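The structure appears right after this line, and notes come after that.
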Amino acid sequence: MSPLLSYALPALGSYVMLSLFFLRWPRLLHTPWVPAFRIRLGAHRGGSGERLENTMEAVENSMAQRADLLELDCQITRDGVVVVSHDKNLSRQSGLSRDVDSLDFEDLPLYKEELEVFFSPGRFAHGSDRRMVRLEDLFQRFPRMPMSVEVKGDNEKLIHKVASLVRHFDRSDITIWAAEKNSVMRKCKAANPEMPVSFTLGRGFWMLLLYYLGLLPFIPIPERFLFCFLPTIINRTYFPFPCPGLNQLAAVVSKWLIMRKSLIRHLEERGVQVIFWCLNEESDFEVAFGLGATGVMTDYPTALRRYLDNHGPAAWAS
């Protein structure tokens, strides 16, 4: 054996052993985040499978099912009102092909009478309430309800408006910043650093890389929430690519990369809550909680509440 290998192999072996040790017991290196709330049942777009998405009626229905979190997307109108809307363009939701920011709040159209549930293709939601709701109205109506607010697009006016509303209603501890891009999340954190943050796409990929390199146990994690898709829904209820072959490949690769109990347990031990989305079938609830997830994001809060009540704490064991 060469002198280099005689040093390198023991060093590599020691590194692997230390990495595995601290992966399992990270609290020896890091003080875990202390959660202000825990999420078992998250209502996607306010509960968009049982009532029209992001309406007050949908939120009230989710509250009746004892939801732990409302997942919301925000846009801003021409006159500076923050509204809860997933889409910037209103065509899918209302039939009017106009962007939210091209209209004043009072001129926003009503939602269609029925909307297809994005993560349950072929199923439709209905409701008597078809009005778009202001974020301020939700904060006022449900002052202590945890909410995840995803900022759609790189809009500094929207970011600062959301930050200001959160401060005004004194709910920085129970309102989560969510964004897809790192650049947007940096602006969100600067606007209100007291709000907890979730992983962006870029940070999620970086976290996976650190995990597979064995470095994750030694690296600080500023995020408190990981909202992650469950790979088994790809090509079944979630179709990220137009080509079936790509979706099948994505399902296989992401399942191998993400569905790791040791990773989820490590994040949980460090106080990072892992929430799988967007799950609408009991079989998917089983998979998510079987992996050790903190909770599930669903379009159907009634179905998830029934599952949680029927299975109890045993369903949540990692």
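All values derive from a computational prediction rather than experimental measurement.
- To the nearest 0.5 Å, the span separating NZ on Lys255 from CZ on Arg260 amounts to 10.5 Å.
- Here the closest heavy-atom approach between residue Arg305 and residue Arg66 is recorded as NH2-O, 3.0 Å.
- Between the side chain of Ser102 and the main chain of Arg98, no donor-acceptor pair closer than 3.5 Å is present.
- Between the side chain of Glu71 and the backbone N or O of Met147 there is no donor-acceptor pair closer than 3.5 Å.
- Inter-residue side-chain proximity for Phe285 and Leu230 is flagged as unmet; no heavy-atom pair is nearer than 4.5 Å.
- Of the possible donor and acceptor atoms, one in the side chain of Ser254 sits under 3.5 Å from a partner among the backbone N and O of Ala250.
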* **Steps toward salt bridge (charged side-chain N to carboxylate O under 4.0 Å, His left out) verdict (Arg92, Glu116)** => CA-CA 9 Å; Arg92 176 189 65 88; Glu116 186 173 23; over 6 Å; no

* Asked: Could you walk me through whether Glu53 and Val84 pass the side-chain contact (heavy atoms from CB on, under 4.5 Å) check?
  -> CA-CA 9 Å; Glu53 64 183 54; Val84 181; over 6 Å; no

* Does the pair Asp154 and Arg186 meet the rule for a salt bridge (charged side-chain N to carboxylate O under 4.0 Å, His left out), with working shown? -> CA-CA 11 Å; Asp154 191 348; Arg186 282 194 292 270; over 6 Å; no

Report all side-chain donor-acceptor pairs from residues 295-302 shorter than 3.5 Å, counting only partners two or more places apart or in another chain.
unit_1 : atom_1 : unit_2 : atom_2 : d
Thr298 : OG1    : Leu279 : O      : 2.7
Thr298 : OG1    : Asn280 : OD1    : 3.1
Thr298 : OG1    : Tyr300 : N      : 3.0
Asp299 : OD1    : His44  : ND1    : 2.7
Asp299 : OD1    : Ser48  : OG     : 2.6
Asp299 : OD2    : Asn280 : ND2    : 3.0
Tyr300 : OH     : Arg123 : NE     : 3.3
Thr302 : OG1    : Glu50  : OE1    : 2.8
Thr302 : OG1    : Glu50  : OE2    : 3.2

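- The pair Arg306-Glu282 does not count as a salt bridge, with every side-chain nitrogen at least 4.0 angstrom from each carboxylate oxygen.
- Contact record, Ala125 with Gly49: CB-O, 3.7 Å, taken as the closest heavy-atom pair.
- Scored by the side-chain hydrogen bond (donor to acceptor under 3.5 Å, both in side chains) test, Ser172 finds Asn192 as partners (sequence neighbours excluded).
- Placement of Trp277 and Val117 in two distinct hydrophobic clusters is found when ILVMFWY residues are connected by side-chain heavy-atom separations under 4.5 Å, directly or transitively.
- Partner of Asp101 under the salt bridge (charged side-chain N to carboxylate O under 4.0 Å, His left out) criterion, out of Lys88, Lys157, Arg78: Lys88 alone.
- Taking the charged nitrogens against the carboxylate oxygens, Glu150 and Arg45 have no contact shorter than 4.0 Å, which rules out a salt bridge.
- Here the closest non-hydrogen pair linking Leu257 and Tyr212 is O-OH, 2.7 Å.
- Within the model, atoms CE of Met56 and CE of Met132 stand 13.5 Å from one another, a figure rounded to the nearest 0.5 Å.
- Side chain of Arg130 to main chain of Tyr111: a donor-acceptor pair is present (N/O by atom type, distance under 3.5 Å, no hydrogens or angles).
- Between Arg131 and Asp129 a salt bridge is recorded (basic side-chain N to carboxylate O distance below 4.0 Å).
- Formation of a donor-acceptor pair under 3.5 Å by the Arg171 side chain with backbone atoms of Pro143 is found in this model.
- The CG atom of Leu208 lies 6.5 Å from the CG atom of Leu263; values are rounded to the nearest 0.5 Å.
- Taking the side chain as every heavy atom from C-beta outward, Glu60 and Phe142 approach each other to under 4.5 Å.
- Not one N or O on the side chain of Tyr211 forms a donor-acceptor pair closer than 3.5 Å with the backbone of Pro217.
- Listed by first and then second residue, the side chain to side chain donor-acceptor pair (under 3.5 Å) pairs involving residues 24-36 are Arg27-Glu269, His30-Arg270 (not counting sequence neighbours).
- Cys188 SG to Lys181 NZ: the interatomic distance, rounded to the nearest 0.5 Å, is 12.5 Å.
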* Take Asp87 and Asn89 through the test side-chain contact (heavy atoms from CB on, under 4.5 Å) and record every step on the way to the result. => CA-CA 5 Å; Asp87 299 358; Asn89 185 276; 5.5 Å; no

* Do Glu223 and Lys189 pass the salt bridge (charged side-chain N to carboxylate O under 4.0 Å, His left out) test, and can you show the C-alpha distance, the side-chain angles, and the key distance before you say yes or no? -> CA-CA 11 Å; Glu223 294 86 357; Lys189 291 167 66 176; over 6 Å; no

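- Summarising the geometry of Thr77 relative to Leu103, their closest heavy-atom pair is CB-O, 3.3 Å, with the distance given to 0.1 Å.
- Judged by distance alone, with hydrogens and angles left aside, the side-chain atoms of Ser85 form no donor-acceptor pair with the main-chain N or O of Asp73 at under 3.5 Å.
- Put simply, Phe119 and Phe289 are part of the same group of oily side chains (I, L, V, M, F, W, Y) that touch within less than 4.5 Å, one to the next.
- No side-chain donor-acceptor contact under 3.5 Å links Gln93 to the backbone of Lys112.
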* Go through Asp68 and Arg40 one step at a time and tell me if the salt bridge (charged side-chain N to carboxylate O under 4.0 Å, His left out) criterion holds. => CA-CA 6 Å; Asp68 303 303; Arg40 295 296 183 198; over 6 Å; no

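- For the pair Leu52 and Glu113, the tightest heavy-atom approach, listed with the atom from each and the gap, is CD2-O, 4.0 Å.
- Put simply, the side chain of Pro240 does not reach to within 4.5 Å of the side chain of Phe229, judged on heavy atoms.
- Taking CZ of Phe169 as the start and CD1 of Ile174 as the end, the distance is 12.0 Å to the nearest 0.5 Å.
- Two rings, from Trp206 and Phe199, have their centers 6.0 Å or more apart.
- For the atom pair CG of Asn182 and CG of Leu201, the computed distance is 8.5 Å after rounding to the nearest 0.5 Å.
- Each salt bridge (Lys or Arg N to Asp or Glu O under 4.0 Å) pair with one or both residues in residues 8-21, not counting sequence neighbours, would appear here, but there are none.
- At a threshold of 4.5 Å between side-chain heavy atoms, the hydrophobic network of Ile, Leu, Val, Met, Phe, Trp and Tyr places Leu210 and Leu267 in one connected group.
- Side-chain atoms of Ser164 do not come within 3.5 Å of backbone N or O of His160 as any donor-acceptor pair.
- Nearest heavy-atom pair across Pro193 and Ala191 is CD-C, 4.0 Å.
- Panel note: side chain Asp104, backbone Asp107; no donor-acceptor pair is recorded below 3.5 Å.
- Applying the side chain to side chain donor-acceptor pair (under 3.5 Å) definition to pairs two or more places apart or across chains, those involving residues 228-245 are Arg236-Asp284.
- Judged as a side chain to side chain contact (heavy atoms under 4.5 Å, CB included), and not counting sequence neighbours, the contacts of Pro196 are Ile176, Arg224, Phe225.
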